[in-house]
**Q** 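This structure is in structure tokens; I'll ask about it shortly.
In what follows, chains are A, B, ... by sequence order, proteins preceding strands, each numbered from 1. Values below: all heavy atoms of this structure, side chains included; hydrogens, waters and symmetry mates excluded.
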Protein chains: 2
Amino acid sequence: MIERHLLKLRARDSLSAEEERAIRSAIGEVRDHQAGRTIIRANVELSESTLLLDGLLSRYKDLRNGQRQVTELHVPGDFADLHSFTLKRLDHDIMTLTPCRVATMSHENLKRITEEHPHLTRVYWFGTNLDAAIHREWEVSLGRRTAIARMANLFSELHVRLGIVGLTEGNSYRLDLTQLELSECLGLTSVHVNRVLRDLREQGAVEFRSGRVMIHDLPLLHRIAEFDPGYLYLEQRSR
Amino acid sequence: MIERHLLKLRARDSLSAEEERAIRSAIGEVRDHQAGRTIIRANVELSESTLLLDGLLSRYKDLRNGQRQVTELHVPGDFADLHSFTLKRLDHDIMTLTPCRVATMSHENLKRITEEHPHLTRVYWFGTNLDAAIHREWEVSLGRRTAIARMANLFSELHVRLGIVGLTEGNSYRLDLTQLELSECLGLTSVHVNRVLRDLREQGAVEFRSGRVMIHDLPLLHRIAEFDPGYLYLEQRSR
DNA sequence: CGTAACTTTGAAATAGCTCAAAAATTGTGG
DNA sequence: CCACAATTTTTGAGCTATTTCAAAGTTACG
């Protein structure tokens, strides 16, 4: 059930059997949500964090004029809101982009982990710091990269993150987003996303159709993106 | 010495005398740096975190074409790289924008804190989550806001953050940045920053001259920015 | 007091946006 | 499995916020 979560954690640090047991016993209820539901609202006091088991989640903020900016996408194995443990409430909403299965971990149980498992605490702290690193890379994309490089970056990032949890088939993966949703990640309009996708397709780098990303030339994609996976911290830390 | 750091922490959570003592005894060496120096380089293994006592620091990433994106500014009382404790290395550089005084806290001492002070650990974990919240708000600015709203947001954010640590004089504060440096925060060119600053000045909202921000109409500034300080988590959490 | 760094302004260029409509795809009830 | 409504994708044409390039002022300071 939490296999993908363990895969994600073990891609960066070792976990003892004891720690794995602690995680398993901290997990609570499992829930299913339909696509397109806001499952966590900003500014609501929270008493549990949500672990994504299956599906795609989006952290986003809406502006008054109706524009939306997605600040991070979550793939299976990610905590959607581990940060709510220390923040108590969120500054953004979280919604399902596809049908999702999630598990909860109460803040009470997380507190127990901080009291009994210092190393596991650091592993989870690392997890939220990884989210921040992803935010930073997105800031760079949004602030400085061209539309095509932003798109290429997003596809590259998801290729790595989904690969870690076994959700890629070689250079291809499911990504059930509309072009409008992509545009909300990239700070673009959906019309422009459409043109950028055509451009990437015609260059022979990637194809995005019917909810699937097919990378035809990974080095080219990385070149267009100026992609450096360093910010995903794939190396093993030694406790 | 670490008074501003304590002010920042206590704006969000209570600290026991014991915890304050633990922080004080974890602090190491104090160092001074000239303006314009990169004091922490991406991808270098780190064994200590850096607490900013005085001055302004910038987290930034450079692109191959020479463009730069700043991902966060740090004010006195902030840890510049508390995240290096769990990340071990950074995905970005950190430089001084003004002359700075910093103190170090070794990762060894931080590790001891995670083992002996679970609540203080959560307070520090909160600190890195606050940085992530700031990143998210910048993503929204960079992705969706107009140039003038971005500028107004940055001035509003710094007004709050500097206020917490006693570095504002009413609606005015020191901000020793060039227009080029501002543009690197906002994903704009320095030419456009210049025009936006004129616009804000002519509207009677803010004036930025000779390293000082003078807010003439705070409600107007907030209105232009669509500023909501919720993401700065100013309320007290109850342990 | 000279020089480097920074700010300001102008004019032309452009990446990405807006508006609008057509084409394709997907989902649904019968 | 079909028909059709809704959603999504695609394309076109004109527009605008911001950039680029260039040069002139201004400020800081060694």
Side-chain angles (χ1 to χ4, degrees), chain A residues 34-37 56 63 65-69 96-99 141-154 174-203 206-214 224, chain B residues 34-37 56 58 63 65-69 95-99 141-154 174-203 206-214 224:
Chain A
Q34 291 185 271
R37 294 282 188 280
L56 262 186
L63 297 186
N65 65 6
Q67 291 198 93
R68 171 169 297 180
Q69 181 63 48
T96 56
L97 296 175
T98 66
S141 276
L142 292 165
R144 292 297 181 201
R145 291 203 247 253
T146 61
I148 192 170
R150 285 184 218 183
M151 187 84 256
N153 250 279
L154 182 59
R174 273 264 57 243
L175 185 68
D176 223 334
L177 297 184
T178 65
Q179 294 181 10
L180 177 63
E181 289 162 339
L182 278 178
S183 77
E184 291 167 345
C185 295
L186 300 172
L188 302 169
T189 58
S190 63
V191 171
H192 200 60
V193 161
N194 183 274
R195 301 195 220 266
V196 165
L197 287 173
R198 171 170 24 125
D199 193 350
L200 284 168
R201 188 182 341 115
E202 286 174 356
Q203 285 192 50
V206 224
E207 208 172 336
F208 177 70
R209 319 196 323 265
S210 45
R212 175 161 287 278
V213 175
M214 285 160 289
I224 292 168
Chain B
Q34 292 185 271
R37 295 281 189 281
L56 263 185
S58 159
L63 297 187
N65 65 7
Q67 291 198 94
R68 172 170 295 182
Q69 181 62 47
M95 73 176 288
T96 57
L97 296 174
T98 66
S141 276
L142 293 165
R144 291 298 182 200
R145 291 201 247 252
T146 61
I148 193 170
R150 285 185 220 184
M151 187 85 255
N153 249 281
L154 181 59
R174 263 310 14 253
L175 186 68
D176 224 333
L177 297 185
T178 65
Q179 295 181 7
L180 177 63
E181 288 162 340
L182 279 178
S183 77
E184 290 167 345
C185 295
L186 301 172
L188 301 169
T189 59
S190 63
V191 171
H192 201 59
V193 161
N194 184 273
R195 301 194 222 265
V196 165
L197 287 172
R198 170 167 29 121
D199 194 351
L200 284 168
R201 185 180 344 111
E202 287 173 355
Q203 286 192 49
V206 224
E207 209 173 334
F208 177 70
R209 318 196 323 265
S210 43
R212 176 160 285 278
V213 175
M214 285 160 290
I224 293 168

**Q** Whole angstrom is fine here: how far is it from CZ in A:R209 over to P in C:dT25?
**A**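 Checked: the CZ to P distance equals 9 Å.
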**Q** Need to verify one output field. Residue with the more 5' nearest nucleotide on DNA chain D, B:S190 or A:R198?
**A**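 Upstream on the strand: A:R198.
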**Q** Tell me which of A:G187 and A:S210 sits closer to the 5' end of DNA chain C, going by the nucleotide each one is nearest to.
**A**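 Looking at DNA chain C, the more 5' nearest nucleotide goes with A:G187.
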**Q** Rounded to whole Å, please give me the gap between CG in B:D176 and P in D:dT27.
**A**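 In whole Å, D:dT27 P lies 16 Å from B:D176 CG.
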**Q** Look at the side chain of B:T96 and the backbone N and O of B:P99, then say whether any donor-acceptor pair between them is shorter than 3.5 Å.
**A**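 Pair absent, no side-chain N/O of B:T96 close to backbone of B:P99.
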**Q** Please report the distance, rounded to the nearest Å, between CD in A:Q67 and P in C:dG16.
**A**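 Computing the A:Q67:CD to C:dG16:P distance gives 15 Å.
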**Q** Rounded to whole angstroms, how far apart are CZ on A:R145 and C1' on C:dA15?
**A**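 Rounding to the nearest Å, CZ of A:R145 and C1' of C:dA15 are 17 Å apart.
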**Q** Is any side-chain N or O of B:R195 under 3.5 Å from a base N or O of D:dT20, one able to act as donor and the other as acceptor?
**A**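 Flag set: donor-acceptor pair detected.
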**Q** With a 4.0 Å cut-off on heavy atoms, is A:L188 in touch with a base, just the backbone sugar-phosphate, or nothing at all?
**A**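 Since only primed, P, OP1 and OP2 atoms lie under 4.0 Å of A:L188, the category is sugar-phosphate.
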**Q** To the nearest Å, give me how far apart CD1 (B:I148) and C1' (D:dT16) are.
**A**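 Taking atom C1' of D:dT16 as the reference, CD1 of B:I148 is at 16 Å.
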**Q** Whole-Å distance between C:dA5 P and B:L177 CG?
**A**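 So the CG-P distance, B:L177 to C:dA5, works out to 18 Å.
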**Q** Is there a donor-acceptor contact under 3.5 Å from the side chain of B:R150 to the main chain of B:S141?
**A**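 Indeed, once roles are kept as given, a pair shorter than 3.5 Å links the two residues.
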**Q** Report the C-alpha separation of A:R174 and A:D176 in whole Å, then their side-chain angles, then the decisive distance to 0.1 Å, and conclude whether the salt bridge (charged side-chain N to carboxylate O under 4.0 Å, His left out) test is met.
**A** CA-CA 6 Å; A:R174 273 264 57 243; A:D176 223 334; 3.1 Å; yes
**Q** Out of C:dC6, C:dC19, D:dT9, which has the shortest distance to the side chain of A:V191?
**A**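 Nearest listed nucleotide: C:dC19.
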**Q** Quick one: is B:T189 getting a side-chain N or O under 4.0 Å of the D:dT18 phosphate, OP1 or OP2?
**A**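 So the side-chain polar atoms of B:T189 never come under 4.0 Å of the phosphate oxygens OP1 or OP2 of D:dT18.
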**Q** If I take atom CG in residue A:N194 and atom P in nucleotide C:dC17, what distance separates them, rounded to the nearest angstrom?
**A**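 For the pair A:N194 CG and C:dC17 P, the rounded distance is 13 Å.
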**Q** Just by modelled atom types, is the B:Q67 backbone N or O under 3.5 Å from a matching donor or acceptor in the A:R144 side chain?
**A**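 Here the side-chain-to-backbone pair does not exist.
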**Q** For the pair made of NE2 in A:H192 and C1' in D:dT9, what is the distance, rounded to whole Å?
**A**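 That distance rounds to 16 Å.
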**Q** Mind checking if B:G36 touches a base, just sugar-phosphate, or nothing, with heavy atoms under 4.0 Å?
**A**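 No contact at all - B:G36 keeps every heavy atom at 4.0 Å or more from the nucleic acid.
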**Q** Of the candidate nucleotides C:dC19, C:dT7, D:dT9, which contains the atom at the shortest distance from the side chain of B:Q179?
**A**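 It is C:dT7.
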**Q** Got a donor-acceptor contact below 3.5 angstrom from the B:T98 side chain to the B:L56 backbone?
**A**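 Pair found, side chain donor or acceptor close to backbone of B:L56.
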